[in-house]
Amino acid sequence: MLACMQPRSEMDIKALLRHTPLFEGLDGAVLDEMLSHFRRETWKQGRRISEQESGQRFHIILSGRLKMGQINPDTGRMVTLFLLQPGDAFDVISLLDGQPNPVILEARDDLLMLSTPMQEARRWIEEHPAFNRSFLPYLGQQMRSLANLAGDLALHDTETRLARLILRHLQPEAPGQPLRLIHNLSHESLAEMIGSVRVVVNRQLQHWQREGVVVTRRGELLIKELETLLKKAMQFSRHTP
Amino acid sequence: MVEENSCVAVYEEHLQAETAVRQLLEEGFDAEKLSIVGKGWQREEHPIGFYNTGDRMKLWGAQGAFWGGLWGLLLGAAFFWVPGLGAVIIAGPLVGVLVAALEGAAVVGGLSVLGAALYSIGIPRDSIIRYETAIKSDQYLLIVHGGQSEVERAHDVLATGDALDVTIHLS
Amino acid sequence: MNPESTFFTESTRSLKQSALFSELADSSIADILSRCRRETWKRRRQLPMEETWKRFHILLSGRVRLSRSNPENGRMITLFLLGPGDPFCIFSLLDGEAHDVMLETLDDVTLLSMPMSEARQWLNEHPEFNRKLLPYLGEKMCSLAGLASDLALHDTETRLARLILRYVDSGTQEQHVTPRLINDLSHEFLAEMIGSVRVVVNRQLQHWKQEGIIDAHRGHLEVEALQELAKRADNHLVKIPA
């Protein structure tokens with residue numbers, strides 16, 4: 001399923017990585033050296049494999065989004081643990097602890113990526129402790145997003161979780177614009193990000209549309225009433241008479 | 001009521017403890033929030049010495065000159081015979097706590113009366129055992145009572161001095 | 001901490017026993033200790049993270065949990081249960097930001113504490129530590145990911161079985177085992193580790209007890225039939241009557 005590389009120059013890649021949290025601080029020469037260990041790889045939208053099947057390689061996403069999640073084989077339900085975007089790397093957990101990570105990877109869009117054997121990536125990180133200056137904060141962010149997911153799942157109802165998911169992906173300067181990262185996702189994909197199912201998310205969004213809180217335009221979810229959504233996310237309104 | 005946060009420093013020599021007390025006072029710490037524990041010289045067994053919780057200690061007979069400098073700085077002083085530890089001299093708010101412990105308000109299984117007093121101001125058991133050992137080997141405890149930020153500040157002052165170790169106890 | 005301190009040797013020994021710090025050279029451990037102060041916290045001490053995130057702590061004895069709560073419905077979820085040798089909070093060590101986590105001691109705890117900036121500086125000066133730190137972070141991330149997936153995908157029985165198994169040494173052939181760290185926790189506390197409530201956990205444990213899978217009495221939990229418990233963790237064919 002590995003497709004041929006789209007022509008994309010080294011310069012392009014470097015320019016792109018320079019704007020990502022993981023690689024922005026890296027010295028030019030170090031970045032060059034790092035890139036020399038990687039090969040390019042593309043995945044078609046919809047490709048869904050287990051982490052083991054991905055061949056124990058470490059990937060950096062250059063374009064497109066990737067869902068990383070777990071599935072309950074008995075019910076077929078999936079939960080998205082991470083929705084990764086250009087500049088993100090995976091699988092960080094198995095890079096860190098060397099154990100296979102029981103996750104499913106799914107290309108949400110056509111993906112263009114760089115990849116290198118896990119072992120190689122591990123060795124490279126060990127030889128370049130300076131990389132930790134951006135790698136450790138990146139890990140912190142990843143952990144934080146996991147903590148948010150777990151916390152929301154245990155503590156809040158679906159409406160609150162959905163409101164919180166949307167607010168976390170607001171464009172800070174332009175709240176009325178399409179959402180960051182989770183734009184044009186299906187209701188099923190949104191449901192997988194909050195541990196719910198399609199019908200529930202669908203019903204909730206329709207309800208919010210009738211209330212005038214959100215509006216859907218050409219598959220994009222747009223926020224009309226930020227204040228109301230904030231209240232729903234904080235669960236203020238629910239229990240007051 | 002003595003606050004349940006403290007900073008405890010252990011000293012080898014009484015002079016070091018005295019220097020530390022003066023240093024704390026210079027740094028603006030309240031003398032009424034400092035306690036000192038040390039071993040007395042008495043050999044013969046007294047069930048209990050005497051205690052006063054209000055006045056500044058003035059004179060301790062033959063030992064007065066020796067203790068005067070250090071103990072004169074602090075409020076309230078007492079002299080106890082603690083089974084297992086022997087003669088112990090205490091000054092500061094810990095005296096009141098220890099009196100309460102003696103009067104049965106805080107009996108904690110397996111601890112000496114001094115241990116019970118330390119326990120009731122928020123010091124955990126394993127630390128207490130260490131402090132009792134320190135007292136037995138003629139070392140001195142300097143205890144700063146206060147809120148969290150106060151005891152943290154005390155730690156920073158004491159950590160630069162001669163203390164064998166300094167520990168913050170929060171509850 | 002002063003190298004002459006009576007606690008120095010003891011703290012060194014504790015660090016040497018922890019997975020994270022065990023392979024450090026004595027001089028590196030001494031360097032950590034020289035930047036640290038020693039603290040004790042009483043059992044049941046609760047504090048919001050904004051009060052502690054500026055300092056880096058290493059637990060020497062006792063247990064601490066990091067959790068989140070919903071004040072509206074009073075529910076609580078434990079994100080991490082930490083034991084001796086665990087540092088906290090790694091979130092702030094990694095990205096230097098405060099975060100929404102509540103901290104609570106389960107026992108009287110002894111810990112080392114240093115300013116976060118010192119911890120970060122130490123980390124920069126000891127790149128060899130990454131060989132231990134990165135796998136440790138991987139393990140913590142994996143456990144958080146496991147918690148989130150379990151919450152989204154599995155019922156209470158499965159979550160409870162998985163929780164217990166996580167604290168049983170893997171690879172053991174014994175059927176009778178005592179789980180680490182969690183074996184003396186209240187049912188309420190166990191519920192807070194799997195996003196459930198006390199009565200549900202209580203009912204489930206009673207049920208397992210009748211089945212001979214576990215033995216639970218007065219705040220003490222033992223696994224009697226590990227194989228059977230593992231089955232409950234993986235499949236959902238066995239359902240308990242409501």
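- Only the side chain of A:Glu126 comes within less than 4.5 Å of a heavy atom of chain C; its backbone N, CA, C and O stay farther away.
- With values rounded to the nearest 0.5 angstrom, A:Arg77 atom CZ is found 12.0 Å from C:Ser149 atom OG.
- Contact annotation for C:Ser69: only backbone heavy atoms (N, CA, C, O) come within less than 4.5 Å of a heavy atom of chain A.
- In this structure, the side chain of C:Asn130 does not engage the main chain of A:Asn132 through any donor-acceptor pair within 3.5 Å.
- Nearest heavy-atom pair across A:Leu81 and C:Ala148 is CD2-CB, 3.9 Å.
- Residue A:Phe135 holds its CZ atom at 6.0 Å from CG of C:Leu134, rounded to the nearest 0.5 Å.
- Scanning all heavy atoms of the two residues, the minimum distance from A:Ala154 to C:Gly195 falls at CB-CA, 4.1 Å.
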Where do A:Asn148 and C:Arg68 land on the side-chain contact (heavy atoms from CB on, under 4.5 Å) test, with the steps shown first?
-> CA-CA 9 Å; A:Asn148 285 340; C:Arg68 281 198 185 179; 2.9 Å; yes
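- Proximity to chain C (any heavy atom under 4.5 Å) is restricted, for A:Ile71, to the backbone atoms N, CA, C and O.
- Using a 4.5 Å cut-off between heavy atoms, C:Asp150 makes no contact with chain A at all.
- If you measure heavy-atom distances from A:Gln142 to chain C, the contacts under 4.5 Å come from both the backbone and the side chain.
- The nearest pair of heavy atoms linking A:Leu146 to C:Met141 is CD1-O, 3.5 Å.
- For residues 90-98 of chain A, heavy-atom neighbours of chain C at less than 4.5 Å comprise A:Val92, A:Ile93, A:Leu96, A:Asp97, sorted by residue number.
- Closest approach of C:Leu144 to A:Ala147, counting heavy atoms only: CD1-N, 3.8 Å.
- Residues C:Leu79 and A:Ala150 share a closest heavy-atom pair of CD2-CB, 4.1 Å.
- For C:Arg120, no part lies under 4.5 angstrom from a heavy atom of chain A.
- With a threshold of 4.5 angstrom between heavy atoms, C:Leu66 does not approach chain A through any atom at all.
- For A:Arg133, the part sitting under 4.5 Å from any heavy atom of chain C is the side chain, from C-beta outward, and nothing else.
- For C:Leu93, no part lies under 4.5 angstrom from a heavy atom of chain A.
- The minimum heavy-atom distance between C:Asp95 and A:Arg144, with the atom names listed, is OD1-NH2, 2.7 Å.
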C:Leu137 and A:Leu136: CA distance, side-chain angles, deciding distance, side-chain contact (heavy atoms from CB on, under 4.5 Å) verdict | CA-CA 9 Å; C:Leu137 293 173; A:Leu136 295 183; 3.9 Å; yes
